[in-house]
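First comes the structure, then the notes that go with it.
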Amino acid sequence: METTGWSLRLILVVAAVSTTWWPPANSQPQTNLLNRGCSQYNATNIADFFRNLNATFSDLRSQLSNGGGRRFATAQQERSSDPVYAMAQCRNYLSEADCLACFDAAVSRIRNCSAANGARVIYDGCFLRYESNNFYDDTTLPGNIQICGNRTAPQAAAFSAAGQALLTDLEVATPRINGFFAATRREVTNGDNLTIYGVAQCAETVTQRGCLDCLTVAYKNLQGCLPDADGRAIDAACFLRYSDTPFFADNQTLDIRPFLGGGGDSSKKKAIIGGLVGGGGLVLILLAFLLWYKFSRKPKAAPRGNILGATELQGPNIYSYKDLKAATNNFTEENKLGEGGFGDVYKATLKNGNIIAVKKLDISSGRAKADFETEVRLISNVHHRNLVRLLGYCSKGSELLLVYEYMANGSLDRFLYGDKRGVLTWKQRCNIIFGTARGLAYLHEQYHVCIIHRDIKPSNILLDDDFQTKIADFGLARLLPENQSHVSTKFAGTLGYTAPEYAIGGHLSEKVDTYSFGVVILEIISGRRSSDMNVDSDTGFLLEEAWKLYESGMHLKIADETLNSSDYTPEEMKKLLEIALIGTQSPASARPTMSEVLVMLVSDGSAEQKGPSRPSFSYGNRAFGDTTSNSTGSSASNATASISQFTGR
Ligand SMILES: *[C@@H]1O[C@H](CO)[C@@H](O)[C@H](O)[C@H]1NC(C)=O
Ligand SMILES: *[C@@H]1O[C@H](CO)[C@@H](O)[C@H](O)[C@H]1NC(C)=O
Ligand SMILES: *[C@@H]1O[C@H](CO)[C@@H](O)[C@H](O)[C@H]1NC(C)=O
Ligand SMILES: *[C@@H]1O[C@H](CO)[C@@H](O)[C@H](O)[C@H]1NC(C)=O
Ligand SMILES: *[C@@H]1O[C@H](CO)[C@@H](O)[C@H](O)[C@H]1NC(C)=O
Ligand SMILES: *[C@@H]1O[C@H](CO)[C@@H](O)[C@H](O)[C@H]1NC(C)=O
C-alpha cells in the first residue's frame, strides 16, 4: 500500500518537473534521481546481511523522524559476518514529512540492489548509502560528478558570473556553518528579476576541512555546468546545487555573508566582475567567458558505472600497459618510489593529472590469470582508512602491475631513520601505532576473509599528507604461486620483523603480524632499526635491549633522542614498550590478537595487564643477527639472503 502511495507521489513529481509549473518548493520530497549504484560484491551470509540492513534502515528512519529536526543520521550493525554501515541525509530545507518520504523512496530503490554489500541512491532531496565497512569519513571519491541541466540561463554571461560568486561563497561558508548546510540566493547583476538559488551540504561526520575539500571538488565540477540554468555536483560527502528556479522555500534562505569572514577574495572578485559587467567590459567578459566555456566545459554525464567509490562498485580498474608505461616515463629510475618485497614501486602521473603508485610485481604469474584476478578483486575490495587502497591492475603477458593510491609522505622508515628523521612528534607516532593496529585488526578480524600481512615493517607503513597510517602490500602474499616452494614462501617476511616460528618453521597465523607490529612499535619509539646493533651498548639488537631495559625498569632509555622528552610521560613510554614486548612473546599463543592490542593501546591502566614474559631463549633477532652481523647493510636483499642462508642449514 505504501508503495502505491509512493508511485503516485513519484508520478506527481515527474509531472511537476516536466511541466514548467513548480509546486511550493518545500512541500515535496524531491525524489528526482541523480545517481545510484549497487556494489558488484554480494554479502556473504544473506540472512545476516538483510537482518543488519533492515535494522540499520529502521534506526536511520527513527533518527530522522524523532521531531528533533535532524536531517542527517548514521547507523550501523558491526558485529557479524556481514556488517552494515549506513548514512542518510536530507536537504535541511525539507520538512520532516518530506524528508521521511524521500528517505522511504531511497530505501525502496536501494533494495533493488538485492544482496549487494554496498549501494547508494542520491536524489535532489536526500541521500542514502550503505557499505560493509565504515565510510563515514570519506570526503571526496573518484566518481564525483556534475549533472547539468539542458537549458541555458537567460543572460548567460551575467548569470555565470553570479553563479561563480554564489558557488564560491557557498564553498567557503558551508564548512564554517554548524550542521554543514546552507541555502542562499543572489540577484544576478544587471539581470532584471533574475535570481540564482544555491544549496550546499556536507555529511556531518566529516571534519570542517573534509567538507571544504569535498566542496572544492564539487565547485570545480559545477563550473562546467554554467551557464546552464541549473546544475548539481555530487560526491561522497557533499552536495552542491544551483538553479535559476527556487527549489527551497524563501524562509529557508540564509545570509551566508557572516561566514565568509577573512576570505574576502570571492566578494572582491565578485565586485570586480560586477563592475566590469556593469561597465564597458561586458563585451570582453562575454568573449573571455565564451572562450573559457568552450574549453572548460566537461561532458555532461559521467560514463556509465563511474559512480562514487569507483573500485568498490565496479571492482578494480583495468589499466592499459601503455598508459602506465607513459605515466611512469617508461618506469625510469627517477620515478621509482621504492623497492618492496614483491617488486619495485613507481610514481605515475596519469593523463588526467591524477598521481598514482604502480607496483611492478616481481613474482611470475605462476597462477592462472583468473586466479590472479580473483585475488586482486579480493584485495581491491578491502577498504579501510588505515590500508592503502588498490585501485586496479594491469597484466600484460607475464607482467603483473598493481595500481595503488599515491601516498605523499612515503613510508615510515624515512621518518624513523631516513632523511626525515626527527620530524615525527610523539603524538604523530602514537597515531601511527594506533592506525597500524587498527588496519591490521581489520585485515585479521573484520574483513570477511582473514588476511595475514606477513611483512609488517616501517617501509610497508605509508603516511598520507595528514600523517595518517596506510598499510601497504597486504594480501600480496596471497598472490604467490601456490606451487612455489615452502622456503620461498618465507621470503614474504623480512629479517628482524618476522616471528621466529614463521621464519624457522613456516607456521603461519595472524600472530605473525602481532610479532612484527611489536617490533615496529619498538622502532617507532626508539627511532632505531631492529637489525642495527647499538654501538654504545653491549646489549645488541633492539628487541634484546628492549627486554633488558624493561626488566631493569629503565623504560625511558629506549626513547628516540630526537623526541622532545616533555612530549611523553614515562607511563606512556612504559605502556608502549610493554605492548611491544607482549606482542613479541613466544610461543605465538602468548601474543594478543590485534583487536586485543587495540584495547591495550586505548586503555590507560597497565595495572590490570599482565606484564610480558620473556621467551626462555631469544631466538628471533639473535639467531638472525648472528648470521648477518658481518653485513653492515640491512636492506631487504641482504635480509632475504640471510634468511635463505639461515633456513638452508
Ligand atoms: C549477487 O546476488 C544476486 C541475487 O541475489 C545475483 O543475481 C548476482 O548474480 C550475485 N552477484 C554475484 C557477483 O555473485
Ligand atoms: C527486511 O525488510 C524487507 C522489506 O521490509 C523484508 O521483505 C525482509 O523480509 C526483511 N528481512 C529480514 C531478514 O528481516
Ligand atoms: C527495481 O528494478 C526493476 C527492474 O530492474 C524496476 O522495474 C523497478 O522500478 C526498480 N525499483 C525501484 C524502486 O527502483
Ligand atoms: C531536457 O532534455 C530532456 C530530453 O533529453 C527533455 O525530455 C526535457 O524536456 C528537457 N528539459 C528541459 C527543461 O528542457
Ligand atoms: C519579477 O518577479 C516577480 C515575482 O516573481 C513578478 O511579480 C514581477 O512581475 C517580475 N518583474 C519583472 C520585471 O519581470
Ligand atoms: C516557511 O514557510 C512555510 C510556508 O511557505 C511554512 O509552512 C514554514 O513553517 C516556514 N518555516 C519557517 C522556519 O518559518
Side-chain angles (χ1 to χ4, degrees), residues 1-14 28-68 70-91 94-136 138 203 205 234 236 307-309 312-313 378 381 383 442 445-450:
M1 207 162 70
E2 215 178 0
T3 348
T4 339
W6 265 112
S7 339
L8 190 64
R9 257 185 135 135
L10 274 168
I11 290 166
L12 279 177
V13 172
V14 170
Q28 50 147 308
Q30 300 192 344
T31 48
N32 171 39
L33 182 66
L34 301 179
N35 189 289
R36 69 184 194 93
C38 311
S39 160
Q40 60 164 353
Y41 300 97
N42 278 344
T44 334
N45 181 332
I46 309 282
D48 266 7
F49 167 75
F50 279 118
R51 204 175 45 246
N52 289 339
L53 192 68
N54 288 6
T56 47
F57 285 169
S58 73
D59 187 347
L60 290 177
R61 198 176 196 285
S62 71
Q63 290 183 55
L64 295 174
S65 60
N66 71 357
R70 281 190 60 68
R71 298 291 179 267
F72 179 82
T74 59
Q76 58 279 322
Q77 294 286 320
E78 303 160 73
R79 288 180 310 278
S80 118
S81 62
D82 282 283
V84 171
Y85 294 80
M87 179 187 286
Q89 181 177 47
C90 292
R91 310 305 161 215
L94 289 189
S95 68
E96 184 177 303
D98 286 336
C99 172
L100 288 174
C102 192
F103 173 78
D104 291 340
V107 167
S108 77
R109 190 177 276 270
I110 219 165
R111 285 199 185 274
N112 246 14
C113 291
S114 87
N117 70 352
R120 63 213 77 186
V121 168
I122 305 175
Y123 290 130
D124 270 338
C126 67
F127 154 81
L128 176 64
R129 175 180 178 188
Y130 73 83
E131 304 289 344
S132 57
N133 56 285
N134 186 327
F135 61 91
Y136 300 159
D138 280 358
T205 43
I234 56 177
I307 30 188
L308 304 184
E312 193 165 38
L313 296 184
L378 181 92
N381 195 29
H383 299 287
Y442 182 83
E445 292 161 54
Q446 285 147 35
Y447 192 56
H448 64 84
V449 175
C450 169

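Atoms within each ligand, like the ligands themselves, are counted from 1 in listed order.
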Atom 5 (O) of ligand 2 [closest protein heavy-atom partner, distance rounded to 0.1 Å]: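 Protein heavy atom at minimum distance: R111 NH2, 4.3 Å.
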
Protein contact of atom 6 (C) of ligand 2 - nearest heavy atom, named by residue and atom, plus distance: N54 ND2, 4.2 Å

Using only the SG atoms, establish whether C90 and C126 come within less than 2.5 Å of one another.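 Taking the criterion (SG atoms under 2.5 Å apart), C126 and C90 fail it, so no.
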
Hey, can you tell me if F49 and Y130 have their rings parallel, tilted or perpendicular (30° and 60° cut-offs)? tilted

Aromatic plane relationship, Y442 with Y447 - under 30° parallel, 30 to 60° tilted, over 60° perpendicular: tilted

Atom 11 (N) of ligand 2 protein-contacted (non-hydrogen atom, under 4.0 angstrom): yes

Does the side chain of Q63 come within less than 4.5 Å of T74's, by heavy atoms? no

